[in-house]
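Reviewing the structure listed below.
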Amino acid sequence: MDTNKIATALRREIEGGSLPPGTVLKQELLAGRFGVSRQPVRQALDRLLASGLLDRRPDRSLAVAGLTDEQARELAEIRAALETMALRSALPMLGDRDLRKAFRLNEDLVEDEDPATLEELDVAFHRTLYGPCGNARLLSMIDDLRGESRRAYLRQPKGSDERVILHAEHRAILEACARRDEAAALQALSDHLQLTTAHLTREGE
C-alpha cells in the first residue's frame, strides 16, 4: 500500500469519526496494520498534518486534531462560494425527478435522530441538487470540504433538534428551486450554510 492510499484511509477514518480527536497515531502500529515500512506511513502522516487533520504534541507525537469553531466557519465560507456556484449551474438542468428525490431525502432526514445518519442524508440532499451542474471537479471540491466539516456534525448529541432546523432550511431551498427562482434559491442556500455553521459551533448554543 502506497502513501496516497494510507493517507486516504486515515483521512476517511478521521472524517468519519472512527479516529476521534485526541487519538495518537503511532507509526510502528500503522506500519504493521497496513503491512508497509514506516516510511510511507510517515509521509502519509505528514500530509495529514499539513492539511490540519493532525496536531503535533509537545512530545512530538501526532494526534487527531479537533475541528475548532473558527475552522468550521472558514470551511462554511468556502463551501458557500462553491455550493452556490454549483447550484446556479445545476438549476437549469434540475429535473422533476431530482426534485422529488431531494424532497424524499429531506423527509427522511427529519425522521432520524442519529447525527451520523443525519449528516449522510444532508450530503445526499445537496449532491442531488448539485449533480446536474456537470462540473466534476467542482463537485469533488465540495465533497472534500464536506468531509472536513463532518467532524462538526459528528459532535452533535443524539436527539439534537438539528434535523428539524435542517429540514426547514432545505425546504426553503427546494421550494425556490421548484419555482425556478434562482435568486431565492441561492439566497436560501447561502442562509442555510451560514445558519448550519452557527448551529454546529458555540454561536448556536
Side-chain angles (χ1 to χ4, degrees), residues 7-25 43-88 109 113-127 129-130 137-170 172-173 185-205:
T8 298
L10 293 175
R11 177 183 289 274
R12 287 175 178 169
E13 293 179 13
I14 292 170
E15 292 174 348
S18 57
L19 288 176
T23 302
V24 176
L25 301 183
Q43 292 172 341
L45 294 178
D46 285 343
R47 290 186 186 182
L48 297 177
L49 178 64
S51 69
L53 290 177
L54 300 180
D55 285 329
R56 190 177 295 281
R57 296 186 166 189
D59 63 1
R60 305 298 294 171
S61 65
L62 293 176
V64 176
L67 185 68
T68 67
D69 291 346
E70 181 59 29
Q71 289 171 327
R73 285 189 286 270
E74 290 173 353
L75 286 171
E77 290 177 3
I78 302 171
R79 283 182 53 199
L82 296 183
E83 294 187 37
T84 51
M85 183 188 304
L87 184 59
R88 181 184 293 109
L109 180 149
E113 296 184 1
D114 178 67
T117 303
L118 171 66
E119 195 269 343
E120 289 173 3
L121 290 168
D122 188 34
V123 168
F125 171 86
H126 286 274
R127 282 178 178 165
L129 293 183
Y130 307 154
R137 179 170 294 185
L138 176 59
L139 295 174
S140 178
M141 292 171 66
I142 291 170
D143 279 346
D144 288 344
L145 290 170
R146 283 300 301 253
E148 291 188 53
S149 303
R150 195 167 192 265
R151 287 170 290 164
Y153 285 90
L154 293 174
R155 73 187 184 188
Q156 289 293 294
K158 289 188 177 182
S160 167
D161 63 356
E162 180 70 14
R163 68 191 189 281
V164 178
I165 298 169
L166 284 177
H167 179 267
E169 294 170 1
H170 284 176
I173 298 169
L186 296 180
Q187 185 61 56
L189 174 60
S190 179
D191 291 345
H192 163 60
L193 293 174
Q194 292 178 25
L195 290 169
T196 297
T197 303
H199 299 154
L200 296 176
T201 64
R202 283 188 292 273
E203 288 181 358
E205 293 179 359

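Every value quoted in this text rests on a predicted model; they were computed, and no experiment measured them.
Residues T84 and L193 form no side-chain contact, since every pair of their non-hydrogen atoms from C-beta on lies 4.5 Å or further apart. Between L25 and L19 there is a side-chain heavy-atom pair separated by less than 4.5 Å. Contact annotation: the side chain of L189 approaches that of H126 to within less than 4.5 Å [non-hydrogen atoms, C-beta and beyond]. Proximity of R57 to V24: side-chain heavy atoms (C-beta onward) are separated by under 4.5 Å at one or more points.
With sequence neighbours excluded, no residue satisfies side chain to side chain donor-acceptor pair (under 3.5 Å) with T23. Among residues two or more places apart in sequence or in another chain, the side chain to side chain donor-acceptor pair (under 3.5 Å) test is passed with D191 by Q187. Annotation: side chain to side chain donor-acceptor pair (under 3.5 Å) contacts of D55 (sequence neighbours excluded): none. Applying the side chain to side chain donor-acceptor pair (under 3.5 Å) rule to S61 yields the partners D59; only residues at least two apart in sequence or on another chain are considered. E74 is linked by a salt bridge (charged side-chain N to carboxylate O under 4.0 Å, His left out) to nothing, counting only residues two or more places apart in sequence or in another chain. Taking the side chain to side chain contact (heavy atoms under 4.5 Å, CB included) definition, one finds that R88 meets it with E182, L186, sequence neighbours left out.
In this structure, F125 and H170 have parallel ring planes: the angle between them is below the 30° cut-off, well short of the 60° mark.
Just one of L139, D143, L138 meets the side-chain contact (heavy atoms from CB on, under 4.5 Å) condition when paired with Y130; it is L139.
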